[in-house]
Amino acid sequence: MPLVTTTEMFKKAYEGGYAVGAFNVNNMEIVQGITEAASELKAPVILQVSAGARKYAKHIYLVKLVEAAVADTDIPIALHLDHGADFEICKTCIDGGFTSVMIDGSARSFEDNIAETRKVVEYAHAHGVVVEAELGKLAGIEDDVNVHADDAQFTNPGEVEEFVTKTGVDSLAIAIGTSHGAYKFKPGQKPQLRFDILEEVSRRLPGFPIVLHGASSVPQDLVKVINQYGGQMPDAIGIPEDMLRKAASMAVCKINIDSDVRVAMTAAIRKYFAEHPDHFDPRQYLTPARTAVKDMVSHKINEVLGCAGKA
Ligand code: G3H
Ligand code: 13P
Ligand code: ZN
């Protein structure tokens, strides 16, 4: 099956009350771990590439790795640009083999966000590519941009109909209290998501796919492993999985996960080196790292997203 857009995936996910996982990819082991899990569980999957990933691995390497995964499996796979900052990067990815792009105008004014998103949508749709946009502002770190919690802004449901109508966008990321990175809530803080905003947005946009960024749960057992073997990650709390399950059963059709995959790989590698301090062949420590990615993604598909068997 060739690379697909997210149109069919989201239609089925909306109707079926589940979500498709969008996992960030930066190298071969991550691509393989994710797609092996999705393939075994017959789940559709979105592989997403950030500006940082393109800088690290180069556009062409990531596209070829994803093409290899497409040839190696029989599940629907979409290749998506995560947090495209402007028209130019979106155009480069549309021209360069992606089937979906995000134009992240969340730091712009409402009017400017509409104008830039509209421009991307016109170009993308003319090339058979779908577009995700964002309204509201998530806290946390993405690329080198760190949005402090005080500057985060929940999505205003009163703006969504005008935004979607004027831009023609295919899906919309909203801010309801999730945030990027491994430190979402401080210990003792009670994680909360504004499901009332999600409900109001979906009431105003019936049948329209909503996207949740910053949806890692930061499993404490893995943080413990990292710290047990020399790491120094501060205690932090991620998004509880029952909240993500609830979001997936509502209008949320795409759930973005990156930090949990990073934490899983790092825990596996730290443990490996603690147990084999004399080893130096990268294949030896990247094998358990790849398995850790696969286990994490299998867990998300089965316990959070509900998309097993939906390929
Ligand atoms: O939302 C951001 C993703 O976690 C990507 O992170 O920009 O460090 O690749 P990155
Ligand atoms: P996490 O940092 O919670 O994994 O979020 C990833 C994300 O939103 C990528 O766009
Ligand atoms: Zn994000």
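Indexing begins at 1, ligand by ligand and atom by atom, following the structure's order. In what follows, residues are counted from 1 in the order of the sequence shown.
Below 4.0 Å from some heavy atom of His83 lie the following atoms of ligand 2, by number and element: 10 (O). Near Ser259, with a cut-off below 4.0 Å to any heavy atom, the atoms of ligand 2 are 1 (P), 2 (O), 4 (O). If you number the atoms of ligand 2 from 1 as listed, the ones under 4.0 Å from a heavy atom of Gly181 come out as 2 (O). Near Ile257, with a cut-off below 4.0 Å to any heavy atom, the atoms of ligand 2 are 4 (O). Within ligand 2, the atoms closer than 4.0 Å to a non-hydrogen atom of Gln48 are 9 (C), 10 (O), numbered from 1 in the order shown. Close contacts of ligand 2 with Lys184, meaning ligand atoms under 4.0 Å from a residue heavy atom, involve 1 (P), 2 (O), 3 (O). Atoms of ligand 2 found under 4.0 Å from any heavy atom of His213 (numbered from 1 in listed order, with element): 8 (O), 10 (O). Near Asp258, the atoms of ligand 1 lying under 4.0 angstrom from a non-hydrogen atom of the residue are 3 (C), 4 (O), 5 (C), 6 (O). Below 4.0 Å from some heavy atom of Ser50 lie the following atoms of ligand 1, by number and element: 5 (C), 7 (O), 9 (O), 10 (P). Residue contact check: Asn24 has heavy atoms under 4.0 Å from atoms 3 (C), 5 (C) of ligand 1.
With a 6.0 Å radius and a threshold of 12 heavy atoms from other residues, nucleotides or ligands, Tyr56 has its OH atom at or below the threshold. The number of heavy-atom neighbours closer than 6.0 Å to CZ of Phe185, taken from other residues, nucleotides and ligands shown, is above 12.
Classification of Lys91 and Asp95 as a salt-bridged pair holds, one side-chain N sitting under 4.0 Å from a carboxylate O. Using a cut-off of 4.0 Å between Lys/Arg side-chain N and Asp/Glu carboxylate O, Lys12 and Glu8 are scored as not salt-bridged. A salt bridge does not link Glu199 with Arg203: every distance from a Lys NZ or Arg NE/NH1/NH2 to an Asp or Glu carboxylate oxygen is 4.0 Å or more.
Among Met102, His180, His213, Gln48, the residue whose heavy atom lies closest to atom 1 (O) of ligand 1 is His180.
Under 4.0 angstrom from ligand 2, the non-hydrogen atoms of Ala215 all belong to its backbone. Only side-chain heavy atoms of Asn24 come within less than 4.0 Å of ligand 2; its backbone N, CA, C and O stay farther off. With a 4.0 Å heavy-atom cut-off, ligand 1 is reached by the side chain of His83 but not by its N, CA, C or O. Under 4.0 Å from ligand 1, the heavy atoms of Asp82 that appear belong solely to its side chain. By the criterion of a heavy-atom distance under 4.0 Å, neither the backbone nor the side chain of Arg54 is placed next to ligand 1.
In this structure a side-chain-to-backbone donor-acceptor pair under 3.5 Å is missing from Thr6 to Met9.
Between Phe87 and Tyr123, the angle of the ring planes goes over 60°, which puts this pair in the perpendicular group of the 30/60° scheme. His180 and His213 have perpendicular rings, their planes meeting at more than 60° on a 0 to 90° scale where under 30° would count as parallel.
The side-chain heavy atoms of Arg270 and Val225, taken from C-beta on, include no pair separated by under 4.5 Å.
Looking only at N/O/S atoms, His83 comes nearest to the Zn ion (ligand 3) through NE2. The atom name of the N/O/S atom in His213 closest to the Zn ion (ligand 3) is ND1.
For the ring-ring contact (aromatic ring centres under 6.0 Å, His included) test, no residue two or more places apart in sequence or in another chain qualifies with His299. For the ring-ring contact (aromatic ring centres under 6.0 Å, His included) test, no residue two or more places apart in sequence or in another chain qualifies with His125.
Ligand 1 is approached by Arg262 to a heavy-atom distance shorter than 4.0 Å.
With no hydrogens or angles considered, a side-chain donor-acceptor pair links His80 and Glu132 at under 3.5 Å.
Checking only distances, His180 does come within under 3.5 Å of ligand 2, N or O to N or O.
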